[in-house]
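Contents: one structure, followed by commentary.
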Amino acid sequence: MTETADRDPDLTPDAARELTPARDLDAELERAGAVLAAEAARFASFGWMRGTSGNLSVVLSRDPLRLAVTASGRDKGELTPSDVVLVDAAGAAVPLPDDREPGRPSAEAELHARVARLTGAGAVVHVHTVASVALGRRHPAGLVFKDLEMLKGVGHPAEDEEITLPVIANSQDMRVLGDRLEEARDPRMPAVVVAGHGLYVWGADPRQARHHTEVVEWLLELELAGGR
Ligand SMILES: CSC[C@@H](O)[C@@H](O)C(=O)COP(=O)(O)O
Ligand SMILES: [Zn+2]
């Protein structure tokens with residue numbers, strides 16, 4: 001990657017990536033897969049990805065947009081570094097060199113790509129937590145939080161500021177779900193609850209997306225416990 005860019009200083013990193021040899025792409029995908037497998041194992045251990053639910057992604061390049069997304073239908077607590085698929089800005093699997101089978105990306109890959117485009121996020125997390133499903137149905141207009149130290153974990157002051165976690169209706173059509181997310185999202189909150197389904201959260205990278213996920217889920221669990 002660096003070697004290729006060094007050969008032609010006019011190439012942007014993303015343009016250089018287009019010329020990346022197949023083995024570098026394989027290595028990059030494998031690295032992303034290892035990161036996503038570790039993140040998924042953590043979320044699964046919390047019970048947030050039961051019964052193959054949930055999916056994760058990380059952005060590999062912006063122009064063109066390319067994401068590594070978890071493969072569909074896998075037990076997210078048992079992912080290996082190869083359980084990942086390269087997808088484009090529409091969430092479709094990108095053909096691999098040598099006609100190799102790219103694998104089946106998450107059924108929600110299109111929404112991951114949409115969130116990455118819309119928010120500039122570098123990583124997206126989707127989990128099926130009990131709290132998000134229970135509260136999404138109860139609060140279709142969103143949940144408002146205020147005066148909680150934990151709000152600092154999503155970039156807000158601990159006191160005197162209200163912040164809304166938007167709630168959108170579920171759909172099996174990822175374009176419809178993406179439109180709803182785009183319309184409802186609050187740029188000050190890196191998360192959206194999908195009623196009857198789960199939680200979408202994003203961040204600059206997988207680590208920040210994980211921290212945002214844990215903070216938002218904490219807020220939801222507090223609300224469920226009646227502690228707001
Ligand atoms: C019980 S899995 C439900 C799925 O339809 C979906 O919502 C999900 O989160 C996992 O889908 P996947 O295609 O494995 O990424
Ligand atoms: Zn889901």
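In listed order, ligands and their atoms are each counted from 1.
- Scanning the protein for heavy atoms near atom 1 (C) of ligand 1, the closest one is Gly51 O, 3.7 Å.
- Ligand 1 has no nitrogen or oxygen under 3.5 angstrom from a nitrogen or oxygen of Arg74.
- Atom NE2 is the N/O/S atom of His197 found closest to the Zn ion (ligand 2).
- For Lys76, every heavy-atom contact with ligand 1 shorter than 4.0 Å involves the side chain, none the backbone.
- Each of His126, His112, Glu108 was compared with Ser57 under the side chain to side chain donor-acceptor pair (under 3.5 Å) criterion, and only His112 meets it.
- Counting protein heavy atoms only, atom 3 (C) of ligand 1 is closest to His128 CE1, 3.9 Å.
- In terms of N/O distances under 3.5 Å, ligand 1 is approached by Gly54.
- The atom of Glu108 that is an N, O or S and sits closest to the Zn ion (ligand 2) is OE2.
- Scanning all protein heavy atoms for the shortest distance to atom 7 (O) of ligand 1 gives Glu108 OE2, 2.6 Å.
- In terms of protein heavy-atom proximity, atom 11 (O) of ligand 1 is closest to Asn55 ND2, 3.6 Å.
- The protein heavy atom nearest to atom 13 (O) of ligand 1 is Ser72 OG, 2.6 Å.
- Looking only at distances, a side-chain donor or acceptor of Lys76 sits under 3.5 Å from a matching main-chain atom of Gly54.
- Note: an N/O pair closer than 3.5 Å links Gly73 and ligand 1 by distance alone.
- The NE2 atom of His126, the Zn ion (ligand 2) and the NE2 atom of His128 define an angle of 90° (nearest 10 degrees).
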